[in-house]
Structures are given as C-alpha cells and as structure tokens.
Amino acid sequence: MEKKPKTRKSGIRTRREFLAGTLGLAAGAGLMGLPRGSARAGQKKVGTRPVKLRVWHTEPNPATFKAMAEIIADFQKLYPNITVEQSAVGWSDMENKLLASLAAGAPPDIAQPIQYVTPSLYAKGLLLPVDDVVNSVGKNDIFPRVRDAACFFKGKYYGIVHAWGADMWIYRKDWAAAKNLKEPTTWAEMYDWLKELNEPPGHYAFSLAGAHAFTTNEDVYMFVGQNGGRLWDENGLPTLTEQPVLEMLEHYKKLTAYMPPGWVAHSYTDTLGNLATGKAACISTWGRTIGYINQYAPTIADPDHFAPMHYKPVGPSTKGPASQKMFTQQDGEHWVIFKDSKAPEEAAEFLKFFFKRENYLRYCNSVPLHLLPITKSLFRDPEYLNHPERKKWKSWLDVQYEYLDRGFTMPLLMVNPSDDKIQWLLEVANSGILADMVFDVLNKDMKPIDAAKKAEARVQKLIVEVAPRRR
Amino acid sequence: MEGRPPFPTMVGSQKHSPATPTDAVAPFDAARDVVVRPTSTLRRNRETIIGWATIAPVVGLLALLIGFPIGYSFWLGLFRKHAFLPAEEFVFLGNYLATFQDPEFWRSVWLGLWYTSATTALQLVIGVQIALLLNRIFFGRGLVRAIVLFPYMLPNIVAVILWKWVLNDQWGIVNYTLMSWGITREPLVWIGPETIMGSLIAVSVWTFFPFVVISVLARLQTIPPELYDAARVDGASPVRCFFHVTLPQIRNVLVIVILLRGIWMFTKFDIVWLWAGGYGGLGTNVRTLPVYTYMKTFGQYQAGLGAAVANLMFLLLLVGITIYFRMFRYVEE
C-alpha cells in the first residue's frame, strides 16, 4: 500500500519544527538574556528565603565589633529573613580555624583570611569570585594595589580587602629633636641614629617583636624588601641564599644591640607598650598604636612626640635612595566567599551593603588610623578626613597614603608583584622556618649563609611535601 | 578445664545462700571450696555468651574511644597527607624514615626528655618536702594547705600570663625589685635563648608540684604513728626515720606519682607552647615532642608526618613505662 504524502497547510508547523523552534528561541534567550535574568532572579532571591550567614573577621577589638554589629543590624532590617552571625577571630588564630572548618566541610560563608592565604584557597578551588562586589564598590575607585594584590586570578577577583594599612616606623620625635638627629635613610645611618637614642636601662632605641614566628616573618620580608632583595624566584621557589637576604640577617644582628635584652620574648603588643610607656624610642608598627599612646601616654599623645619616619631606611643592596626604593608591609585581609557557602548570593549582598558609604565609614571610624578605606573617594571625603583623630594624626595618615600611592607596599611575604600568585606562602608562613633562620644566626651563632642554606632546604622540602600536586 | 565453667558459679560463702533446686543436688567439694555442678556443654555455652554479652558494650566502647584513634593515627602515619586537604598519597614507612632523618626531631626528643626529667624530679623533691611539712601540726595548717594547692587550681594559661608579667624584662616585678635594690643594673632576661628552658621548668614545677603534695600527703596521713614511736625508741634520728619509715611507706605512691607526672610532662603541650609563644624562633629552644608534632601537623600542614611523630611518641612512652615497671619490679624483688 502506497503511503499518501502528507500535505501541509501553510502556516502550520510539524511537531518537530515546533520543538526545534522553541529550543532555538530558548537557547537564544539563554545566550542573550539569561545572565541578566539570572542576576535579577538572584537579586529577587536575596532576602526571600530564611538564611543564616556566618561571618568571620579579624577585628576583635570592641569598637570594630560594635561597628560590625550595627552594620549587621541595619542589614537585617533591610533583609529580615537573613540572620548574620559575626565571629571575631584574632588574625593569628584565623588561619587554622578557617582551615579546620574547611576540612570539616563547614566553612563560614564569609571570612577574612590574611592575604597570603587567598592564593592558596583559590588554588584549591575553595573560593567564589566576588567581581560583583568589586564592581558594586566601584572597581576604578579602589586603590589598584589594594584591589589586585593576591586576589586577582585569571581575570576574576576572589577577594576584596576590608580595609588597608601600611607598616610605619614610629619614633619619639621629641627625643630625636633633643639630640638634633635627622631621620636615617640607610641602614648605616640607622645604626648611628639608634646608638644616639639608646639609653639603657631607661629606654632602648628600637623594639621588635620576637616572640612569634608571624612577626618575625613580617620583619624578615620587610628588611629584605628594604634591601632591594626578594624571597622568591619567578617560580615561587625560595631565594634565601641571595646576598640581600644574607645582609638582612647581619642587619638583624646589628639591631639587637639597640633593643631590650628580652626582645625575643616580646609580642607585638609588648612593642606597642614599649613605645607608649617610654621604654623604646622606635618601633615598627601600625596606626592602631595610637590607642596605646592615648592610653599610656595621654599627656604627650600627639605627632610632635610620636611621629612616623618619612621613609624607612634602605639596605646596602638597594638601588636608589629610601625616598625612591623603600619598602613596607601592606596590611588588609580579604573578604572572601567560600564555594561551600549555603548562601553565596546573600553573602555577596552583605558585602555590598558593608561597603556602602555610611556603613563603611562607620567601620573605618572604629579604628580611625588603622582601618583605612580601600576607596579613593572615601579617602578624600571631607567627612572622613574631618574625623578628629585623623585631623590630629594627619602625618600618620599621609605617610601611609604615600607608601601606597608610590608603590612601596606589598602584602606579607610578597616582595615582588609576581609573589602574589604563590600558592604555598600559607604553609611557609606557618612553618616557623624563617624565624628559625633568624634565630640560628642570632642565638646559635650560625653564619648567615649556613642559616640561609638550611632554611632554604627546609622550605624546598616543605613545598615538595605539602604541595605535591602543585609543583 | 572439664568440670570448671569459664565463669565460676559459686565460690566461698555462696554455698550458704538460699538453696535452689539445682543447688540441692550439687555435691560440695570441700577441698576446692567450690560447689561442683553437673555441667553441660549447653549451660557452659550459655554462660559464655551471657558473659561476653555483658562485657561487650564496655569492650566496644573502649575499642571505639581508645582503639580507633590509635589505629587511625597509625593508619594516617602511612600517608603523605595535607592537614586540611583530601589529597593523600600512600608512602608506607616514608614518614617514619623522614622523621628519623630530621635532626629537629632528635633535638625535640632530647629537649622533651630533659624537660620531663627535670620537672618530674623537681616536682617530686619539692612536693615530698612540702607534704612532710604540711603533715606536721602547726597553727594555720589548713590555710597553708589551701594556698599550696593554689597553683594547681589555676588554668595553665593564667599561670603562664602571670609569670610572663612577673618575669618581663621591661616591666616585670622581679627585675624591678632587683634593679631597685641595686642587685643588678641591667634588666635580666628570664625568657631568652639561654634561659627559656630554665624558666619554663620553674613555671611548670610551680604549676604541678601540688599534685605530688596531695598524693604524698594523703599517704602520709595513714602511716601509723607507732612506727615513728618505735623508731625513736630505737634511737633513730629524723633523717633515719625518713629513710627507714616514711620512704618505704610512701614508696608505692611515689611510684605512681613518678609514672603519672612523667607521662604528663612528656606529653605536656599547653604550658610549653604558651611559654615559648609558638614553635619558631625562640620556641626552638623548648620545642619538645608534642610541640614538634603540632608544628608538623598544624604549622606545616603535614598530617601524615605529624601522625607518625605522634605514634613514635606513643611508642617511646610505652618503652619508657615498660622499663620503669621492670626497674620497679627488680628493686622490689
């Protein structure tokens, strides 16, 4: 039996054609409109479902905790379905707490790891991009060095600094003035300067924190940077036996002559106390120190007595003067959102809210000279600048701004811009190896080259052992 | 084993308990002081099952709480594993070999042994002397006993912070006093490279010696005074009394105290860690085995290597305890 060919009326489509057409339209819509559609859907979703956000930050001081609580309260008013629970964890405890939570598969939604942790978390695929937040803050409004360092990978941002600060050398300007001393610009000048200011046992010229490996890491990398050196090569392997590092070790040794005899057991806060109580003439520190000065030296709490050194002195291997080549630490933990977050959209929304001008100002004002805003606009905002503390301690603010603006700053353990992609800084930082290297020279009378060789071999071994898949 | 059930049904005075139909026919073997029953395989099996069923929960719990962690630790020691990442690689005894080749490990063993023996010995000497003192009758003895216990009641973190303040080279009351009295012109360093082990031992002894005091004092209070009276009548001096009456009486307590304090000091982590402020830099001078283990596991994120070191520490302790008991048995014999 011959089949009759089906005839079609014009305008009537077969089922196959209809399906193909529908799929094509859907695909087209998907390609053109869905990203915006999903973003809208995401926006709609935020606040419509009950969600609990866990936020871990590194600012346990009462003023900042209170500011965060106020920001959270306002956010919850806006989104009654979202509960935000903040935990303030000291930066020294944050890493292990965070990593333990990741190992347990229950990380917070948002956290503030130290900058060298972010590349490590990114490499392990644990983070979500936060471009949305960066764009909402205003990508071009953020200081580029703060915006990009250690969180910009393959064209995406995986973290956004909550606030920045730069390490300064604060010294007793009145003591130096009384002896007619000019600020030193090289290490050689610095020894003379320290010698003049050293008056034991009444007070010592310099105070470093030697008790914790963390603070020794800071000093090691800053001294190396000030000496025009590096800690890592282009492949992220250690370069501890290079001349600038060896000179750094010698420098450390020379400094001990001007420090309190028990400095190796002094913590970071001990050094703040040493300066504020008149036990030390100069320390390496942050804007937070003003709180100590206000508390322990209220009668002389002003920049005429406690001034930042304009430029940190540079070492013999530096090619250029301190005003051109100085180096210091750029502080600023990243806000990151974890891939395992149960509410990533809400987490991003919270960060956007956090960076809204009025909220962010409130946050930065909680420690006015320490938590510096990441946006240029707020940094120049009259309301921000007219804060009484900032007006009073303007020289402290100006120095930090200059350090950042002129590219003198890098995050901890990163001397060169390429260092901010190294994925094992976390492990090296916590290994204690750099601190051991310093103490091998200072306390075991090891030659710098021998201590450096030993440390370099240990770092190489550690990299192989902890990062076998990332070699 | 025939005729003797695995769990004896009645012994001793149980033969006088109310008679059951079975008891009524059971012959009494006076020589063995046991009621001998006509046993059957069925009965024996049933009793065995009941016996095992009774102890099974405890055995299970012990296996879970003690056996599993130890087993897991030994298992983990065979892998190269990042502390926080799921990636792992089987290396068999590689971690142990790496540990033996690490000079830092042997240094930690030595530092741990030095810390353990010094603190245990000092706790013992000081603890026994104070216990002897507190065993005497004097006015305010109750108050003094309470004060002596005070360090042991303090959380270790408080004790460490307290002593760090007291011994701070810049603001510490010890240096302040020494300098005020003109004993020294420069502040002394109590927590420095050369002194950190000494000050750590001193603080540890201060914190833990009350344990020895309590243990020894409790035993001293049970020694019959007649023994001392008899010794005195025989003309024994106080020193001879101590060595020939007191010491033999408290010997068993001392054996246990030395064992416990030795184990606890060898595995002590918190006070060592807090005193040194970590394991790097100055901490290398007091980096005992527990701190070294922590450093490997949570500082350098090598969980497999950390587990291997923990296992070695466990084995070292086992060997030490075995030798200790053998020595004790030898002395006793």
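Note on naming: letters A, B, ... go to the chains in the order of the sequence lines (proteins, then strands), and numbering restarts at 1 for each one. All figures in this text were calculated on a predicted structure; none of them were measured in a lab.
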Query raised in the report: Can you find a pair of side-chain heavy atoms, one from B:Met313 and one from B:Tyr292, that are under 4.5 Å apart?
Result: no

Report task. Pull out the residues in residues 99-119 of chain A that come under 4.5 Å of chain B, heavy atom to heavy atom, sorted by number. Result -> A:Leu99, A:Ala100, A:Ala103

Kindly list each side-chain donor-acceptor pair under 3.5 angstrom involving residues 169-176 of chain B, sequence neighbours excluded, with atom names and distances?
unit_1	atom_1	unit_2	atom_2	d
B:Asp169	OD1	A:His266	NE2	2.6
B:Asp169	OD2	A:Gly262	N	2.8
B:Asn175	OD1	B:Leu188	N	3.3
B:Asn175	OD1	B:Trp190	NE1	3.1
B:Asn175	ND2	B:Asp169	O	3.3
B:Asn175	ND2	B:Leu188	O	2.7

Query raised in the report: Taking 4.0 angstrom as the limit, do A:Lys124 and A:Glu427 come out as a salt bridge?
Result: yes

Report task. Please report the C-alpha distance between B:Thr116 and B:Thr120 in whole Å, then the side-chain angles of each, then the deciding distance to 0.1 Å, and finally whether the side chain to side chain donor-acceptor pair (under 3.5 Å) criterion is met. Result -> CA-CA 6 Å; B:Thr116 305; B:Thr120 309; 5.9 Å; no

Query - Under 4.5 Å from a heavy atom of chain B, the part of A:Thr277 involved - result: side chain

Query - Side chains of A:Tyr252 and A:Val441 in contact at under 4.5 Å (non-hydrogen atoms) - result: no

Query raised in the report: Would you say the side-chain atoms of B:Ser73 and B:Asn311 include a donor-acceptor pair closer than 3.5 Å?
Result: yes

Query - Side chain / backbone / both / neither for B:Ile196 at chain A, heavy atoms under 4.5 Å - result: neither

Query - Contact class of A:Ile433 relative to chain B, heavy atoms under 4.5 angstrom - result: side chain

Report task. Go through A:Tyr258 and A:Phe206 one step at a time and tell me if the ring-ring contact (aromatic ring centres under 6.0 Å, His included) criterion holds. Result -> CA-CA 6 Å; A:Tyr258 310 108; A:Phe206 201 52; 8.9 Å; no

Report task. Give the member of A:Pro261, A:Gly432, A:Ala213 that has the highest number of heavy-atom pairs under 4.5 Å with chain B. Result -> A:Pro261

**Report entry** Partner of A:Tyr292 by side-chain contact (heavy atoms from CB on, under 4.5 Å), out of A:Leu275, A:Thr285, A:Asn274, A:Thr269
**Finding:** A:Thr269

**Report entry** Within residues 269-279 of chain B, residues adjacent to chain A where the heavy-atom gap is under 4.5 Å
**Finding:** B:Ala276, B:Gly277, B:Tyr279

Report task. Name the option with the most non-hydrogen atom pairs under 4.5 Å to chain B; the candidates are A:Asn443, A:Leu126, A:Thr216, A:Leu442. Result -> A:Asn443

Query raised in the report: For the residue pair B:Arg80 and B:Val91, what are the closest heavy atoms and their distance?
Result: N-CG2, 3.7 Å

Query raised in the report: What orientation do B:Tyr72 and B:Phe68 show, parallel under 30°, tilted 30 to 60°, or perpendicular over 60°?
Result: parallel

Report task. Assign the ring pair B:Phe211 / B:Tyr152 to parallel, tilted or perpendicular, where the plane angle (0 to 90°) is split at 30° and 60°. Result -> tilted

Report task. Could you check which of B:Thr195, B:Leu305, B:Ile191, B:Asn285 has the highest count of heavy-atom pairs closer than 4.5 Å to chain A? Result -> B:Ile191

Query - Beyond-backbone contact of A:Ile422 with A:Trp424, side-chain heavy atoms, under 4.5 angstrom - result: yes

Report summary line: The interface call for A:Tyr204 against chain B, heavy-atom contacts under 4.5 Å, is side chain

Report task. Answer yes when A:Asp436 and A:Arg458 have at least one side-chain N-carboxylate O distance shorter than 4.0 Å, and no when they do not. Result -> yes

Query - Derivation of the ring-ring contact (aromatic ring centres under 6.0 Å, His included) call for B:Phe79 and B:Trp75 - result: CA-CA 8 Å; B:Phe79 290 85; B:Trp75 173 253; 5.0 Å; yes

**Report entry** Top of A:Gly210, A:Ala435, A:Ser431, A:Ala429 for chain B proximity - count of heavy-atom pairs under 4.5 angstrom
**Finding:** A:Ser431

Requested in this report: Answer with side chain, backbone, both or neither: which region of A:Val438 has an atom nearer than 4.5 Å to a non-hydrogen atom of chain B?
Outcome: neither

**Report entry** A:Leu413 vs A:Leu434 side-chain heavy atoms within contact, under 4.5 Å
**Finding:** yes

Query - Salt bridge A:Asp440-A:Lys444, side-chain N to carboxylate O under 4.0 Å - result: yes

Report summary line: One option among B:Pro193, B:Gly281, B:Ala83, B:Gly280 has the most heavy-atom pairs under 4.5 Å with chain A, and it is B:Gly281

**Report entry** Close side-chain approach of A:Pro201 to B:Met179, heavy-atom, < 4.5 Å
**Finding:** yes

Report summary line: Among residues 94-115 of chain B, residues within the sub-4.5 Å heavy-atom range of chain A, in order of number, are B:Glu104, B:Arg107

